[in-house]
Amino acid sequence: MTAQTKEPVVPTLLTPVRLGAIALRNRIVMAPMTRDRAGPQDEPTDLMVDYYRQRAGAGLIVTEGTQPSPAGKGYWRPPDIHSDTQIEGWRKVADAVHAGGGAMVMQLMHCGRASVGANKDPAAETIAPSALPSGGRIPGPDGDPQEPDTPRALTTEEISGIVAEYAQAATNARSAGLDGVELHCASGYLPMQLLSSNSNLRTDRYGGSAANRIRFVVETLHALADRIGADRVGFRICPGHDINGMNDADPQETYAALLKAVAPMDLAYLHLIHLRLTSFDPLALVKAHWPGPIILNNSMSLDDAEAIVAQGPADAVSFGRHFVSNPDLVERFRHGHPLAKLNRQTLYTGLGDDRRGYTDYPAFV
Ligand SMILES: Cc1cc2nc3c(=O)[nH]c(=O)nc-3n(C[C@H](O)[C@H](O)[C@H](O)COP(=O)(O)O)c2cc1C
């Protein structure tokens, strides 16, 4: 008898995969997208239940950025996860996604200084690593862009309190039935404000060297893992991005330090917004220091994504805008149907009818 050599199985976008404890029936992930349609108590509404139910064909849905505390809010009408009403709302969302066969993690997002005070509870302060405004413009309650607040610098003791808020949010997300959480360390929000040398001028153990600037994210990931298990915790990064006033002097040093510190934790996944930079390749940096599962994102076509999972630099690929206008993206991919175009005017609410551009994109017929 001759020994038989087995052909290696090349994964496709439709091949199931596990990210830590979370089983995905395919590798097409819905990227987190703020859509600003939460209810008056910052709770998910029935309309949001419909929106996520329509997209349950994704192997994994990452929810829109969800705030762990009133102070974490920066925009108008994003959902939160610190009250019973909010937990109940999220339970309906998670149930709908699970009934459709999907998995769902909650993206935990604290805006820090990228915040307009008029968008949040008047008692909620805008805080950041240092008292430096982010610049740029953020839409206020009437949709008109405003200058973000000048934040108050957090005290060292207050930073532990924020870590605890995230941990409680993870517990709340699990009690609402979500499969895990993703720590939003990208896009110039609080964790990235601590990572980046230009927004973090602190002189305590959270500022200065890369080892100090990564401390908040490392502590928060440990706190999340302690609460719900490391295999249900992911995190999202975008090394080198200048969004919301970010300008790290040496992102390669910062993120190499971060990845080395969290690599032994056996987290569920790393979610990379892959920018094509001239200075360095963020994916090469990640591959050099991160041994765990990777979800790759940014301006991908389905063909790009298919090549990525087949060739192996990532285990799954996330799509943002395609999922806005194609609730049945996975079925369109499976059958080779064309993709519908997005209407940018209705990405965020404010045009009078929340349903428009949200739950009224049809499936392909
Ligand atoms: C309307 C909209 C809202 C977004 N909100 C978030 C968010 O809450 N959290 C986040 O990490 N990224 C957010 N993003 C970025 C997306 O997750 C994604 O990285 C980006 O759209 C690039 O992927 P794409 O080319 O497939 O759309 C948002 C993008 C869009 C279009």
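Residue numbers count from 1 along this sequence. Counting convention: from 1, in listed order, for ligands and their atoms alike.
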Does ligand 1 have any atom sitting under 4.0 Å from a heavy atom of Ala186? no
Looking only at the side chains, is there a donor atom on one of Ser115 and Lys73 sitting less than 3.5 Å from an acceptor on the other? no
Does Thr126 use its side chain to pair, donor to acceptor, with the backbone of Arg113 at less than 3.5 Å? no
Quick one: which of Val324, Val317, Asn297, Leu272 has a heavy atom closest to atom 23 (O) of ligand 1? Asn297
Does an N or O anywhere in Arg321 fall below 3.5 Å from an N or O of ligand 1? yes
For ligand 1, the portion of Arg236 having any non-hydrogen atom under 4.0 Å away: side chain
Tyr348 near ligand 1, heavy-atom distance under 4.0 Å? yes
Counting heavy atoms only, which of Ser301, Pro78, Pro32 comes nearest to atom 28 (C) of ligand 1? Pro32
Can a donor-acceptor pair be found between the side chains of Asp248 and Ser196 at a distance below 3.5 Å? no
Examine the side chains of Asn297 and Arg236 and answer whether a donor and an acceptor come within less than 3.5 Å of each other. yes
Looking at Tyr358, does the NZ or CZ of Arg37 lie under 6.0 angstrom from its six-membered ring centre and within 45 degrees of the ring axis? yes
Would Leu347 count as a polar contact of ligand 1, with the cut-off being nitrogen or oxygen pairs under 3.5 Å? no
Which value, rounded to the nearest 0.5 Å, describes the distance between Leu19 atom CG and Asp315 atom CG? 6.5 Å
Where ligand 1 meets Ala31 - atom numbers and elements under 4.0 angstrom, heavy-atom basis: 17 (O)
Pull out every atom of ligand 1 sitting under 4.0 Å from any heavy atom of His184, numbered as shown with elements. 9 (N), 10 (C), 11 (O)
Does a donor on one side chain sit under 3.5 Å from an acceptor on the other, for Asp179 and His98? yes
Pairs of nitrogen or oxygen atoms closer than 3.5 Å, one from Glu64 and one from ligand 1: do any exist? no
For atom 26 (O) of ligand 1, grab the closest protein heavy atom and report residue, atom and distance to one decimal in Å. Gly320 N, 2.8 Å
Do any N/O atoms on Phe319 end up under 3.5 angstrom from N/O atoms on ligand 1? no
Based purely on interatomic distance, does Gly65 place a nitrogen or oxygen under 3.5 Å from a nitrogen or oxygen of ligand 1? yes
Test side-chain contact (heavy atoms from CB on, under 4.5 Å) on Met30 and Met104 and set out the steps. CA-CA 9 Å; Met30 178 171 159; Met104 187 176 220; over 6 Å; no
If you scan protein heavy atoms around atom 30 (C) of ligand 1, the nearest is Met33 CG, 3.8 Å
Side-chain H-bond candidate by donor/acceptor type, His271 with Glu182, under 3.5 Å: yes
Examine the proximity of ligand 1 to Thr34 and report which part, side chain or backbone, both or neither, has a heavy atom under 4.0 Å away. both
Before signing off on this row, confirm whether Gln107 and ligand 1 have an N or O atom pair separated by under 3.5 Å. yes
Glu219 and Tyr206: side chain donor to acceptor below 3.5 Å: yes
Between ligand 1 and Arg35, is the shortest N or O to N or O distance under 3.5 Å? no
Quick check: does any side chain N or O of Glu158 sit under 3.5 Å from a backbone N or O of Thr155, one acting as donor and the other as acceptor? yes
